[in-house]
Amino acid sequence: MFPMHLEKVYEPQRFEPRWAQWWVESRLFECRTDAPGTVFSLVIPPPNVTGSLHMGHMLEHTEIDATIRWRRMLGYKTLWLPGTDHAGIATQMVVERELAKEGLDRRRLGREEFERRVWQWKETYGGTIKRQMIRLGASCDWSRERFTLDPGLSNAVREVFVRLYEKGLIYRGEYMVNWCPRCQTALSDLEVVREDTPGNLWHIRYPVNGLDRFLVVATTRPETMLGDTAVAVNPRDERYLGLHGRTVRLPLMERDIPIIADELADPEFGTGVVKVTPAHDPNDFEAGRRHNLPKIQVIGENGSMTSEAGRYAGLDRFEARRRVVADLEDLGLIEKIEPYQVALGKCQRCKTVLEPLVSTQWFVRTKPLAEPAIRAVEQGRIRFIPETWTKVYFEWMHNIRDWCISRQLWWGHRIPAWYCADCSATTVARTTPERCPRCAAPRLEQDPDVLDTWFSSALWPFSTLGWPEDTEDLRTFYPTSLLITGFDILFFWVARMIMMGLECTGEVPFREVYIHGLVRDAERQKMSKTRGNVIDPLEVTEKYGTDAVRLALLMGAAPGTDIVLTEERMESARNFANKIWNAARFLFLNMERCGVTPCLPEPGEREMLEDRWIFSRLTRCAEAANRALEQYRYHDLAQALWQFLWHEFCDWYVEIKKLRFRENSGLTADWRNVLFVFERALRLLHPAMPFLTEELWQRLAAGEAARPASIALAAYPQPDAPYLDEAAERDMALLQEIIIAVRNLRAQMKVDPKAPLEGALYAQNRALDLARGHAEVIRRLANVELSFHAGTAPRGEGVLRATPDFDLVLRVPATQLEALRRRLEKEIRQLESVIASSRRQLEDREFLSRAPAHVTEGIRSKLADYEAQLIKSRSALEALPPA
RNA sequence: GGGCGCGUAGCUCAGUUGGUUAGAGCGCCUGCUUCACACGCAGGAGGUCGUAGGUUCGAGUCCUGCCGCGCCCACCA
């Protein structure tokens, strides 16, 4: 069988998995450090190891892959480093849920056994991401795949921790943190999601000791009153000047607590009196420090009331709230209850209402790290695209707060700190110490906590390349060239990578950051599991083909915008792939018929107008594609390729070539041109649609001995100045105009498409020569038999279509003229209005003196065209037989 | 409470520094089984660019107010 035989219908399922596998097996994308070329490197934003890919990943990976493939084809030494993140809380939650199904929990299992179970889980499900990425065509270097808990990366984590500790940039202390009672761990500020929730503002009366009056405090959390250790008034608030130093009787607890003067109380808000609960509110915590107030913790780590809560001990915090309010009401101490919106802090992962608690945690002092990170962006050493994210970055960095990095979890990087059981000294070290450096006691206990997942992610661009060792990889690929990621992790990840990269390596981790949009569904809704509107990449990939989904994503991926992904869009992208497939099929069938063997030909002579034209258009397409990729304008890339391949190559070039083939009963010498252009177009398309292009290209190249192993290693076509041919583009446009004019009239006259029309074309010089020279093309593509004449059509000839370049006279049945008449009238109306406004402009002295010459000249020459057109349209209308 | 973004054809969106009848895909209408493709071919309709002002010789594009929508950040009980 001929090697180039293609099935009639494009069925990507037949070949996509095959190429995906081959790309990996042939190690095509493994990058040697001694390879030639300038470096272009990028590290993947590591997906959660236990997860599976969603559309957001697919968008991200498609954009990365298109860029990486393009750079590789440009000859760069190109690395896309893949890998996954251990995702502390998320993974631990998943495994705990599994354990729960077996009736187990991690505490009963013990730390060691639990960790073993998580690793086991990782081994079983951690490969999903990789398999999916391979299937989606990601051209990454799997020999350099990394996981944040790999030994090397763990080593980097420890190194950074120790260095920062020694520099005083990591400290341990007792502060108020966001505590998740369900996850049983502290969280950083970023892991708190605020949700506006309807609640109440309870106004509670506190009796003032020694006076017959109350102070009324307002609170959204009445249960915390059990832990009040003061009430505060503003020092300048004249209403309460006399009360400073007095005490109030704390209801329910029957404790006396002082009235303090502090800025905490805003005289404008409520009664101007605020209860102070240093153990359960960040502001109160600070106030408590200022006034040396005791902290009474009434809510425990599990979210229920502690023994300090008296008779409420053991109750869930929300139940305690109900009871406290009820009891206060019984005592007549509730002044009023107002409905009130509160921004409740919830756990990002499990949506449990967080509890601010005082606890001892590890923190990163961020200010000293933020300053160089801000400067790097200010100085343009890192550039955000779209630029608008720069502002967001600065905003956050300027107001950065210390980062709580300890988590009370078991899955992650254990904090390298040991506490001596004898002298209680803290030792932070790279390797596990045998004895306490201070008192030499051997009884050391390692801190049980692990680090925030994002701590290791922050090191990703260099820890994956071997840091802190001075490796060949690090020297070659760091700093990386580009980061492509989503705005949702700008603070979590991007900002911290910049801080850590500068601190640890003295260099920026990447030079550019392209921030992509969100994938949304047809209703512009964010895709989410709870909404049930997720599109599963593997499902649609199976249905439409990976290439089609990739193209559908790219078509919508304009910088700074979200990406709307619909079935229709994927379907039309699939149709595009099918179109390319069939164009190839047509070419291959003709080659087969003429005994041309598969090859990558040099171009033949360009004698024919259509050859000169398509080469010129190819060059413009190459220009547009390169520019689009350079600027991350993926939608422009898709658009340029679509326009060129479908509407220029297929619709016109191949259609004309069909005639040539037929004239010569087969391929003529110019088959070289057809194949040449098609092969170049495949290469241009490859970054967007790697599978289809590889499949077709391999068939084309089958007979070539000296050739790259894959289209992925072929050169990306560059604009080729000698191919630019303005005259050919102008002539082709005119030829198209003539053909379209005839087709248009035929359709309007409702002439049977199969019945040949007869007519005459009047034109001057160049246009006339052109039309005469392409009489056969016009005849076949428009199904019209034209005679050609110099000059313009005589009056009364029945001109049906007139342009500045030609008059077209067609013999058509005198029926159906009404539609034509209306059309001409409309055309005349439009022309008149454009001419009027152009004239007005050209008579405006202000305009003439201020507008640049090329604008006025442009308008002047257009006006001449409009006027000529108007005259012709008017005479065409007059020449129509009366209705 | 601050900050950002959006409102362009029935739908989803482009429109790079203000400049010459505002574009695409899908959908819609008409006609075609033309020997690569009906996942197709040919033709067509459809927009006073949210609104009111302003700057300018010239505004979809720049500025201001307003209306509608979305997002991010924020310790005021």
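Numbered from 1 within each chain, the chains take letters A, B, ... in sequence-line order. Note that these values count all heavy atoms, side chains included, but never hydrogens, waters or copies made by symmetry.
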Taking only side-chain nitrogens and oxygens of [X], does any of them come within less than 4.0 Å of OP1 or OP2 of [N]?
X: A/H647; N: B/G25; answer: yes
X: A/N744; N: B/A42; answer: no
X: A/R746; N: B/C32; answer: no
X: A/R850; N: B/C57; answer: yes
X: A/K658; N: B/U34; answer: no
X: A/R569; N: B/G25; answer: no
X: A/Y10; N: B/C37; answer: no
X: A/K826; N: B/G46; answer: yes
X: A/K754; N: B/C32; answer: no

Tell me what [X] touches on the nucleic acid: a base, only sugar-phosphate, or nothing, going by heavy atoms under 4.0 Å.
X: A/P852; value: base
X: A/F487; value: nothing
X: A/V392; value: nothing
X: A/E568; value: sugar-phosphate
X: A/T566; value: nothing
X: A/V9; value: base
X: A/D752; value: nothing
X: A/Q639; value: sugar-phosphate
X: A/W202; value: nothing

Per [X] side chain, nearest of listed nucleotides [options]:
X: A/A851; options: B/A36, B/G5, B/G19; value: B/G19
X: A/H635; options: B/U20, B/C57, B/G15; value: B/G15
X: A/T388; options: B/G5, B/G25, B/U21; value: B/G5
X: A/V855; options: B/G19, B/C4, B/A36; value: B/G19
X: A/D651; options: B/C39, B/A36, B/A42; value: B/A42

base_contact_polar ([N] base, [X] side chain, donor-acceptor, <3.5 Å):
X: A/R574; N: B/C39; value: yes
X: A/K579; N: B/C37; value: yes
X: A/E655; N: B/A36; value: yes

Flag if over 12 foreign heavy atoms under 6.0 Å of CD, A/E338:
yes
Using the [atom1] atom on both, measure [N] against [M] and round to a whole Å.
N: B/C72; M: B/C57; atom1: C1'; value: 42 Å
N: B/G54; M: B/G60; atom1: P; value: 15 Å
N: B/A45; M: B/A24; atom1: P; value: 12 Å
N: B/G3; M: B/G65; atom1: P; value: 12 Å
N: B/A59; M: B/G15; atom1: C1'; value: 14 Å
N: B/C6; M: B/U20; atom1: P; value: 22 Å
N: B/A38; M: B/G44; atom1: P; value: 23 Å
N: B/C66; M: B/G47; atom1: C1'; value: 24 Å

Run the side-chain contact (heavy atoms from CB on, under 4.5 Å) check on A/Y544 and A/E571 step by step: do they pass?
CA-CA 7 Å; A/Y544 299 103; A/E571 203 174 301; 4.1 Å; yes
What is the separation between atom [atom1] on [X] and atom [atom2] on [N], rounded to the nearest whole Å?
X: A/E648; N: B/A24; atom1: CD; atom2: C1'; result: 14 Å
X: A/R520; N: B/G70; atom1: CZ; atom2: P; result: 10 Å
X: A/L589; N: B/C37; atom1: CG; atom2: P; result: 9 Å
X: A/L781; N: B/A42; atom1: CG; atom2: C1'; result: 11 Å
X: A/W646; N: B/C41; atom1: CH2; atom2: C1'; result: 11 Å

Can you give me the N/O atom pairs linking the protein to nucleotides 74-77 of chain B at distances under 3.5 Å, or say none if there are none?
residue	atom	partner	partner atom	Å
B/C75	OP1	A/R401	NH1	2.6
B/C75	OP1	A/R401	NH2	3.2
B/C75	O2'	A/N283	ND2	2.8
B/C75	N1	A/N283	OD1	3.4
B/C75	O2	A/N283	OD1	2.5
B/C75	O2	A/N283	ND2	3.2
B/C76	N3	A/D266	OD2	2.6
B/C76	N4	A/D266	OD2	2.9
B/A77	OP2	A/Y340	OH	3.0
B/A77	O2'	A/A218	O	2.7
B/A77	N6	A/D266	O	3.0
B/A77	N6	A/F269	O	2.6
B/A77	N1	A/D266	N	3.0

Value rounded to 0.5 Å, distance of CG in A/N234 from CZ in A/F269:
14.0 Å
Can you work out whether A/P753 or A/I740 has the more 5'-proximal nearest nucleotide on RNA chain B?
A/P753
Pair partner, [N] [Watson-Crick or wobble, under 3.5 Å]:
N: B/C69; result: B/G5
N: B/U34; result: none
N: B/G47; result: none
N: B/G18; result: none

Nearest atoms (heavy-atom pairs only) where A/V324 meets A/E223
CG2-CA, 4.3 Å
Please name the pair of heavy atoms, one in A/D547 and one in A/L692, separated by the smallest distance, quoted to 0.1 Å.
OD2-N, 2.6 Å
Cut-off 3.5 Å, side chains only: do A/Y206 and A/D228 have a donor facing an acceptor?
yes
Does a donor on one side chain and an acceptor on the other come within less than 3.5 Å for A/E191 and A/S188?
yes
Relative to the ring of A/F394, is the ring of A/H398 parallel (under 30°), tilted (30 to 60°) or perpendicular (over 60°)?
tilted
Fit a plane to each ring of A/F644 and A/F649, take the angle between them on a 0 to 90° scale, and name the class: parallel (under 30°), tilted (30 to 60°) or perpendicular (over 60°).
tilted
Do [X] and [Y] have side chains that get closer than 4.5 Å, going by heavy atoms?
X: A/L589; Y: A/E592; value: yes
X: A/T546; Y: A/P12; value: no
X: A/I299; Y: A/H280; value: yes

